[in-house]
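Structure, as structure tokens:
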Amino acid sequence: MKKFLLSAFLMLLSLSSFAGAKDVKLVSGDASVIAVKGMSVRVEFDYSECQIYDMGEKKFFDIDEYMKFKGEDWVRDLPGELRKAEDAFLEEFNDESKKAQVVGSSAEAEYTMVFKLKEFSYGKPVVFFRSDIAWGTGVVEIVKTATKETVATFEFVKVDGAVAGGIAAMELRREQCYEHVAEAMAKTLNKIK
């Protein structure tokens, strides 16, 4: 019974935290250039400035430093974790978008969406409070592919990841953070006339 109540509590927390989030906002430029039905937009992921916040240590780490701190399993699993999260972003954006569709970085397209993760926290292993939830912060830039000119910038601040408890959920936390950013991006673009 305790497991059931804990699971129900975590599920409700997950739903309420996501539903109430102000996930993504346009901070500069004109995003209407990609708010076009049927347009293909490349997507790239940039982790060059990313820091990982560890709630237990209460400090930020560079990605490589953090993976080494966590151990060999984390170092080994990071590339697969990133790939799954990036695929989740593409899938969620395309499911939600009534305008442009995103394609991989190798595709040819007039515009590129550059997802720059600035900070990420896996949260606490078991989530009891909202402050224990995984989150990500960064920007998504819309760049003219040929000239590399940024035409619009969206910002996301502490977008929630999954709240499921346990170490096995860490990868899922990143995937759901990326999905939440993708959904919010698509919904924002859908509203542009």
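To the nearest 0.5 Å, the span separating NZ on Lys98 from CD on Glu96 amounts to 8.5 Å. Separation of atoms CG (Leu117) and CD1 (Ile52) is listed at 7.0 Å; rounding is to 0.5 Å. Interatomic distance, Glu81 CD to Arg173 CZ, rounded to the nearest 0.5 Å: 11.0 Å. Between the CG atom in Asp95 and the CD atom in Gln101 there is a gap of 8.5 Å [rounded to 0.5 Å]. Atom OG1 of Thr112 and atom CD1 of Ile142 lie 9.0 Å apart (nearest 0.5 Å). With rounding to the nearest 0.5 angstrom, the NZ atom of Lys187 is 4.0 Å from the CD atom of Glu183.
Under a hydrophobic clustering in which Ile, Leu, Val, Met, Phe, Trp and Tyr are joined whenever their side-chain heavy atoms come within less than 4.5 Å, directly or via other members, Leu26 and Tyr111 fall into the same cluster. Taking hydrophobic clusters as Ile, Leu, Val, Met, Phe, Trp and Tyr residues chained together by side-chain heavy-atom distances below 4.5 Å, Phe156 does not share a cluster with Trp135. By the rule that hydrophobic residues join a cluster once side-chain heavy atoms approach within less than 4.5 Å of another member, Leu90 and Met185 end up as members of one cluster. Hydrophobic clustering (ILVMFWY, side-chain heavy atoms < 4.5 Å, transitive): Ile192 and Val102 are in one cluster.
The existence of a salt bridge linking Lys116 and Glu49 is excluded, since no basic side-chain nitrogen approaches an acidic carboxylate oxygen closer than 4.0 Å. Between Asp73 and Arg76 a salt bridge is recorded (basic side-chain N to carboxylate O distance below 4.0 Å).
Counting heavy atoms from C-beta outward, Val24 and Glu155 have side chains that stay 4.5 Å or more apart. Using a 4.5 Å heavy-atom cutoff, the side chains of Lys99 and Asn190 are in contact. In this structure, Leu189 and Phe93 have side chains that are in contact, with non-hydrogen atoms separated by less than 4.5 Å. You'll find the side chain of Val181 reaches within 4.5 Å of the side chain of Val140, heavy atoms only. Proximity of Leu82 to Tyr178: side-chain heavy atoms (C-beta onward) are separated by under 4.5 Å at one or more points. Looking at heavy atoms from C-beta onward, Arg130 lies in side-chain contact with Asp160 at the 4.5 angstrom threshold. Residues Met113 and Glu44 are not in side-chain contact: their nearest non-hydrogen atoms beyond the backbone lie 4.5 Å or more apart. With a 4.5 Å cut-off on side-chain heavy atoms, Phe60 and Glu119 count as touching.
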Query - Test log, rule side chain to side chain contact (heavy atoms under 4.5 Å, CB included), inputs Glu110 and Lys144 - result: CA-CA 6 Å; Glu110 186 177 355; Lys144 197 160 183 136; 3.9 Å; yes
Report task. Would you please test Ile63 and Leu78 for side chain to side chain contact (heavy atoms under 4.5 Å, CB included) and show each step? Result -> CA-CA 10 Å; Ile63 294 175; Leu78 181 64; 3.7 Å; yes
Query raised in the report: Hey, mind stepping through Tyr122 and Met55 against side chain to side chain contact (heavy atoms under 4.5 Å, CB included) and telling me if it holds?
Result: CA-CA 8 Å; Tyr122 288 95; Met55 289 186 182; over 6 Å; no
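Glu108 CD: 12 or fewer foreign heavy atoms inside a 6.0 Å radius. Atom CD of Glu65 has more than 12 neighbouring heavy atoms from other residues, nucleotides or ligands inside a 6.0 Å radius.
Proximity of a side-chain donor or acceptor of Asp46 to a complementary backbone N or O of Ser48 within less than 3.5 Å is detected. Judged by distance alone, with hydrogens and angles left aside, the side-chain atoms of Thr150 form no donor-acceptor pair with the main-chain N or O of Glu141 at under 3.5 Å. Panel note: side chain Arg42, backbone Ala109; no donor-acceptor pair is recorded below 3.5 Å.
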Donor-acceptor pairs under 3.5 angstrom involving side-chain atoms of residues 32-40: please list them, not counting sequence neighbours.
residue, atom, partner, partner atom, Å
Ser32, OG, Asp30, OD1, 2.7
Ser32, OG, Asp30, OD2, 3.0

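Applying the side-chain contact (heavy atoms from CB on, under 4.5 Å) test to Asp132 and every residue at least two apart in sequence or in another chain returns Lys124, Val127, Phe128, Phe129. When the ring-ring contact (aromatic ring centres under 6.0 Å, His included) test is applied to Phe69, the partners found at least two apart in sequence or on another chain are Phe61.
Put simply, the residue from Phe154, Tyr47, Phe89, Phe120 that forms a ring-ring contact (aromatic ring centres under 6.0 Å, His included) with Phe115 is Phe89.
Taking all atoms of both residues into account, the shortest heavy-atom contact from Ser97 to Ala186 is N-CB, 3.8 Å. Among all heavy-atom pairs drawn from Cys177 and Val159, the shortest one is SG-O, 3.5 Å.
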